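Working notes for the structure below.
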Amino acid sequence: MAADTVAEPLFAQVQQAPPDPILGLTEAFLADIRHGKVNLGVGVYQNGDGKVPVLSSVRKAEALVYQTEESKSYLPIDGLMAYNKQVQTLLFGTQSEVLAEGRAVTVQALGGTGALKIGADFLRNVCGSTAVWISNPSWENHRALFEAAGLTVNTYPYYNPETHGVNFDALVATLGALEANSIVLLHACCHNPTGADLTPAQWDTVISICKENCLLPFLDFAYQGFATGIEEDAYAVRAFAASGQRFLIANSFSKSFSLYRERVGALTVVAGSAGEAKILLSQIKRVIRTNYSNPASHGAQVVSTILNSVELRAEWEQELTEMRVRIREMRARLLAALEVTGKDFDFIVNQAGMFSYSGLEKSVVHSLRSEYGIYIVDSGRICVAALNQKNVEYVALAIAASI
């Protein structure tokens, strides 16, 4: 380097990153000083008082954990064994052949996002995969985290804006034309962001296509229990397992246990044999070791404590049912309040889970934000779980005035 050349500091070259489309919206919401503002963008369940609840079953389990905990040593790389076992039972059921044959391996992860990232890194760095297919549309972070792992992200048709449902014929045609070993990310239930789910019969068709074309399914399963029920929502997972295919599952307990800040999730890989499963686990543990090394214990201890207790599990299932029912009630209340628009919003009650793809144009979304303090993602996705009796009428009237 020439003596008169002054090097520019490395950090000085860094450019400002754009705000996250969802978390950035929350930042704008928090900065808004207007009374009566409503955040329908963030994907968290809120109770009738607009609060993210701490479940009673969780409080009781935490008390038990604190009373019995004897060590603060590291967990194993793959996490708490009791937790991983309960995850597998919740996913596959108690009579699963996959579990009986030892073909599934599970690792504790940092929420559902962490599970997806472990899987993405494993597929890229261990398996040598180069591309993944996600639905159009999909959760905003899907593209970002797979690209960060070095995979090219492609999309398959999913949503039909005219019917507000699944564009199934286009989906099937695209999947049927993919090359062997293509990775296909599928939402097991409560599709984010649309709320439009496949029927069991449609799942059967997709599963057959994946098997015939030797595709590798990667199921994102963040909302078990939020659509119809714990067992019913696991249909896709269990049908894939029954088909004998290899596949991955990223699941999360953020929503179903309201444990958002504890980051409790898991990655499960179903292999072709018990021997293959052990080999895969050894490689997945290497991926984790070079990332965060070991997971945290608290959230996993809470979940495993609840699922291992007959009383606490029954209480948790009742609380989960109440959350699911409240979301359905808010869908019905919103639909009734939107009757003043004279437009057909019936699809709102037909969609499942926390979200609804409202069909609102971006100009309307921006008007709601600027004129009424109602914050919605630019795509028009609404978090129905953020509605309550105090704000649903206001939201509906604001929509009616803006469209």
Side-chain angles (χ1 to χ4, degrees), residues 75-109 111-112 114-116 118-119 122-123 127 186-189 200 203-204 206-208 210-211 215-225 227-253 256-257 264-285 287-288 295 299-310 312-314 316-317 320:
L75 290 183
I77 295 174
D78 50 350
L80 190 67
M81 184 180 300
Y83 168 81
N84 292 340
K85 182 177 180 180
Q86 288 297 329
V87 167
Q88 291 185 350
T89 302
L90 202 62
L91 292 177
F92 300 108
T94 56
Q95 305 300 319
S96 169
E97 290 186 8
V98 164
L99 299 186
E101 296 168 359
R103 292 196 293 115
V105 290
T106 297
V107 296
Q108 183 183 333
L116 288 164
I118 294 170
F122 166 72
L123 291 169
C127 300
L186 300 161
H187 301 232
C189 74
W203 272 118
D204 291 343
V206 168
I207 291 167
S208 294
C210 289
K211 186 172 185 177
L215 306 180
L216 181 64
F218 195 158
L219 303 185
D220 189 344
F221 197 20
Y223 302 97
Q224 186 174 5
T228 304
I230 295 171
E231 300 299 311
E232 297 89 339
D233 293 352
Y235 181 86
V237 172
R238 297 178 186 183
F240 266 114
S243 73
Q245 297 182 62
R246 295 169 171 85
F247 64 104
L248 300 87
I249 312 156
N251 78 293
S252 167
F253 295 117
S256 58
F257 281 77
V264 195
L267 174 71
T268 298
V269 181
V270 176
S273 66
E276 182 179 275
K278 291 180 180 179
I279 293 172
L280 298 182
L281 178 59
S282 71
Q283 292 290 352
I284 293 170
K285 288 167 69 173
V287 171
I288 295 170
Q301 286 180 299
V302 169
V303 170
S304 62
T305 297
I306 291 173
L307 295 180
N308 271 307
S309 164
V310 174
L312 288 180
R313 172 154 183 161
W316 165 67
E317 289 188 5
L320 179 57

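In this text, all values refer to a predicted model and were calculated from it rather than measured experimentally.
Panel note: side chain S96, backbone G93; no donor-acceptor pair is recorded below 3.5 Å. The main-chain N or O of I230 is never found under 3.5 Å from a side-chain atom of E317 such that the two would form a donor-acceptor pair. When atom types are taken as modelled, the side chain of Q86 and the backbone of S304 share no donor-acceptor pair closer than 3.5 angstrom. Of the possible donor and acceptor atoms, none in the side chain of S309 sits under 3.5 Å from a partner among the backbone N and O of T305. No donor-acceptor distance shorter than 3.5 angstrom exists from the side chain of Q301 to the backbone of L80, with no hydrogens or angles considered. Looking at E276, its side chain never comes within 3.5 Å of a backbone N or O of A271 through a donor-acceptor pair. Not one N or O on the side chain of W203 forms a donor-acceptor pair closer than 3.5 Å with the backbone of V237.
Residue-environment remark: CD (E101) exceeds the threshold of 12 foreign heavy atoms within 6.0 Å.
Of all the heavy atoms in A277 and G102, the pair that sits closest is CB-O, 3.7 Å. Closest approach of L216 and L123 over heavy atoms only: CD2-CD2, 3.6 Å. Of all the heavy atoms in R246 and P217, the pair that sits closest is O-CD, 3.5 Å. Taking each heavy atom of F240 and S243 in turn, the nearest pair found is O-OG, 2.6 Å. Of all non-hydrogen atoms in A104 and T268, the two that sit nearest each other are CB-CG2, 4.2 Å. Among all heavy-atom pairs drawn from D233 and T228, the shortest one is OD1-N, 2.9 Å.
Two residues are said to be in side-chain contact when any heavy atoms from C-beta on lie closer than 4.5 Å; F122 and I288 fail this criterion. The side-chain heavy atoms of Q224 and N251, taken from C-beta on, include no pair separated by under 4.5 Å. Between F247 and I207 there is no side-chain heavy-atom pair separated by less than 4.5 Å.
One finds the CH2 atom of W316 at 7.0 Å from the CZ atom of F253 (value rounded to the nearest 0.5 Å). Atoms CG and OH, from N308 and Y83 in turn, are 13.0 Å apart once rounded to the nearest 0.5 Å. Interatomic distance, N84 CG to L267 CG, rounded to the nearest 0.5 Å: 10.0 Å. Rounding to the nearest 0.5 angstrom, the gap separating the CZ atom in R238 from the CD atom in E97 is 13.5 Å. Rounding to the nearest 0.5 angstrom, the gap separating the CZ atom in F218 from the CG atom in L215 is 15.0 Å. Atom CG of L99 is separated from atom OG1 of T89 by 6.0 Å, given to the nearest 0.5 angstrom.
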**Request:** Decide yes or no on side-chain contact (heavy atoms from CB on, under 4.5 Å) for F221 and L90, but give the supporting numbers first.
**Result:** CA-CA 11 Å; F221 197 20; L90 202 62; over 6 Å; no
